[in-house]
Amino acid sequence: MQNAAVAEMFDSIADLLEIAGENPFQIRAYRRAAEAVATHATPIEDVPAAELRAISGLGPATSDKTREFLATGRVAFLEKLREEYPRGLLELMRVPGLGPKRVQQLYRERGISSVEALQESIANGELTGLAGFGGKTLAKIEDGIKRLGELSSNLPLIDALPLANLVARTLADVEGVERVEIAGEVRRGCESVESLDWVAQAGDAKAVIPAFLSLPFVQEVLETTESRARVRMRPGIEATLHIAPSGGWGSALFFATGSPAHVEEARNRNAELENYSDETELYAALQMPFLDPELREKTGEWDLKVRPNLVRISDIKGDLHAHSNWSDGSATIRQMVEAARARGYQYHAITDHSKALAMANGLNAQRLREQAKEIAEVQADFPDVKILRGIECDILRDGSLDLDDEILHELDWVVASVHSAFNLDEASQTARMIRAISHPAVDLIAHPTGRILGARAPYAVDVAALVEAASEFDTALEINASQRLDLKDEHARMARDANVLISIDTDAHSTRMLNNLEIGLLTARRAWCEPKDILNTKPREELLAWLKRPKSQK
DNA sequence: GCCGTTTTCGGCCCGACTGTTTTCAGTCG
């Protein structure tokens, strides 16, 4: 499956063209091509060359480049751009406060092509007097560099999980392999991972390791022994295949899953953990119930007397945060509802952006009322999926909402979230959000801390205060199942402990993105959530009843 | 660079904020 690699190629071209100051529409065309390939349902290498252009978003230039990349592994156009613009410029683009124009200016006028060089130049006062770079701007850039440094460079779960699954499926097909399972941080559902792990059992271990080493994602072999192979994989991440000894599957899986702190505690309780054929027996020997992988973080799991009934994918009855092409989604309402029904959902919320998000073609009251007609039409054709007429309403700087109460009260379901003024101080940001939480029409606060893993730090906000307010006003909080994973596990656990309902939603902007629910589910499980803690485990009628709850008023 | 159609070129996602260039360019979502 080369889709991700081709998409990455197009994104790189777009990034570099941006720095080159090329036509923004041309750049957008490359971004759309990346998106089209990334979300294409079949492996792009299986699409006949002549049919590439039929994919919406690919035209003559981009389908040629796709063919060139698939045939040779490289694209001359991109190589040429790379010669002209050093790699470090892309890193500079990630600094908050720096865009293509300033990066280009720094490179052209000062020869700066890395974050380190920029930092040094600012520190040495070499940029004073550079046109457009006043004191405040420089301070902002310095702050941006600091924030960039704080972002984790780990692979976000949303990327790690599909890769881990793909490798597991490939290994499972290798002749002689009896069993393969994902282990390590991915199995524990960590939000981002330093390394990938699998455990395999095979009649002939010697056949599995070469198959692993020859996977297309393997960049470099770091170590091979009788019982494991450690490599570096293409996104720059370490990956280990562990070979379980005959009769020792459970122990091998347990050790490869971790966490280190959890395993250490097990060792302290019983030094002999080597030869268990399944994990349940291993835990029984420790006089413990089976502990699900997501619990194994030494955050109280050893005190459990019975196995918690952690929420499962089959408990989820619908997605309560998803977009359509009325704002910035790519699919029609009908397509989204069809996809929701295909997932077996009982309900699906249409929550497009509100007008403040002009770039996303956000809806005002008039367009929301027009949208209602389309929802009604689709609803008539899908009686088994209740379509909730909703909105993702912007929370404005002062905590008021982007739409009037009148229209909000017409809707079945109101999601509120922050998309602007991320730099408020903690007290103001918290007060702003609590005002939204207390609003009588608001049902859910989406992505409460605003972070995007690996790309944007959370804004300053007192999550404990948000949880307290959510509890007081009977407002639900979201686990956003995307690259955001927001709330994160420990915040979701705070919410659960305060009996605040959590909704696990994908924030899907396409039908395929509805499939991301699983990573939010893993986060909820890491927060020890059971079905009763999750709003969208409620069957249809119960959810509709909950929506009629009287919200507390201060 | 892609798309759609008023079929081959014009339109494509817009508005607020910020700092500085004091009249607007750059960045962000």
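- With no hydrogens or angles considered, no side-chain donor-acceptor pair links D462(A) and T430(A) at under 3.5 Å.
- For the 3.5 Å distance criterion, the side chains of N325(A) and T332(A) fail to qualify, holding no donor opposite an acceptor.
- Nucleotides dC13(B) and dT27(B) place their C1' atoms 16 Å apart, quoted to the nearest Å.
- E370(A) pairs with exactly one of Q366(A), R367(A), K373(A) by the side-chain hydrogen bond (donor to acceptor under 3.5 Å, both in side chains) rule, that one being Q366(A).
- Using atom P as the reference point in both dG11(B) and dA16(B), the two lie 23 Å apart (nearest Å).
- Note on R31(A): nothing from the nucleic acid sits closer than 4.0 angstrom, heavy atoms only.
- Salt-bridge check for R67(A) with D64(A): passed, with a basic side-chain N closer than 4.0 Å to an acidic carboxylate O.
- In this structure, dT8(B) is classed as syn because its glycosidic torsion stays within 90° of zero.
- Comparing the C1' positions of dA25(B) and dT20(B) gives a spacing of 10 Å, expressed to the nearest Å.
- Note on R53(A): every side-chain N or O is 4.0 Å or more away from OP1 and OP2 of dC3(B).
- Pair check for dT8(B) finds none; no Watson-Crick or G-U wobble contact set falls under 3.5 Å.
- S324(A) and D352(A) share a donor-acceptor pair across their side chains, judged by distance under 3.5 Å alone.
- Of the candidate nucleotides dG29(B), dT18(B), dC2(B), dT18(B) has the atom nearest to the side chain of R397(A).
- Pairs passing the salt bridge (Lys or Arg N to Asp or Glu O under 4.0 Å) check and including a residue from residues 388-400 of chain A, sequence neighbours excluded, read R389(A)-E410(A), D398(A)-R435(A).
- In this structure, R94(A) places its CZ atom 12 Å from P of dC28(B), rounding to the nearest Å.
- Neither side chain, H353(A) nor N361(A), offers a donor N or O lying under 3.5 Å from an acceptor on the other.
- Rounded to whole Å, atom C1' of dC2(B) lies 11 Å from atom CD of Q26(A).
- If you take atom C1' in dG15(B) and the same atom in dG10(B), they sit 23 Å apart, rounded to whole Å.
- Distance from the side chain of P60(A) is smallest to dC2(B) among dG29(B), dT18(B), dC2(B).
- Summarising the geometry, the separation between CD on E35(A) and P on dC3(B) is reported as 14 Å, rounded to the nearest angstrom.
- Salt-bridge formation is not detected for the pair E126(A)/R110(A): no Lys NZ or Arg NE/NH1/NH2 atom is positioned less than 4.0 Å from an Asp or Glu carboxylate oxygen.
- As rounded to the nearest Å, dC12(B) and dC17(B) have C1' atoms that lie 25 Å from one another.
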Pairs under 3.5 Å (N/O, protein and nucleotides 20-26 of chain B):
from    : atom 1 : to      : atom 2 : distance (Å)
dT20(B) : OP1    : G134(A) : N      : 3.2
dT20(B) : OP1    : G134(A) : O      : 3.3
dT20(B) : OP1    : G135(A) : N      : 3.2
dT20(B) : OP1    : K136(A) : N      : 3.3
dT20(B) : OP1    : T137(A) : N      : 3.4
dT20(B) : OP1    : T137(A) : OG1    : 3.4

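- When the nucleotides dG1(B), dC2(B), dC3(B) are ranked by their closest atom to the side chain of Y30(A), dG1(B) comes out on top.
- With no hydrogens or angles considered, no side-chain donor-acceptor pair links D15(A) and S12(A) at under 3.5 Å.
- Separating the P atom of dC14(B) from that of dC9(B) is a span of 24 Å, rounded to the nearest Å.
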- Task: Take nucleotides 7-16 of chain B nucleotide by nucleotide from the 5' end and write B, S or -, depending on whether a protein heavy atom sits under 4.0 Å from the base, only from the sugar-phosphate, or from neither.
- Result: -----BBBS-
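- Side-chain contact of K65(A) with Y30(A): a donor-acceptor pair under 3.5 Å is present, judged by distance alone.
- Nucleotides dG1(B) and dT8(B) place their C1' atoms 15 Å apart, quoted to the nearest Å.
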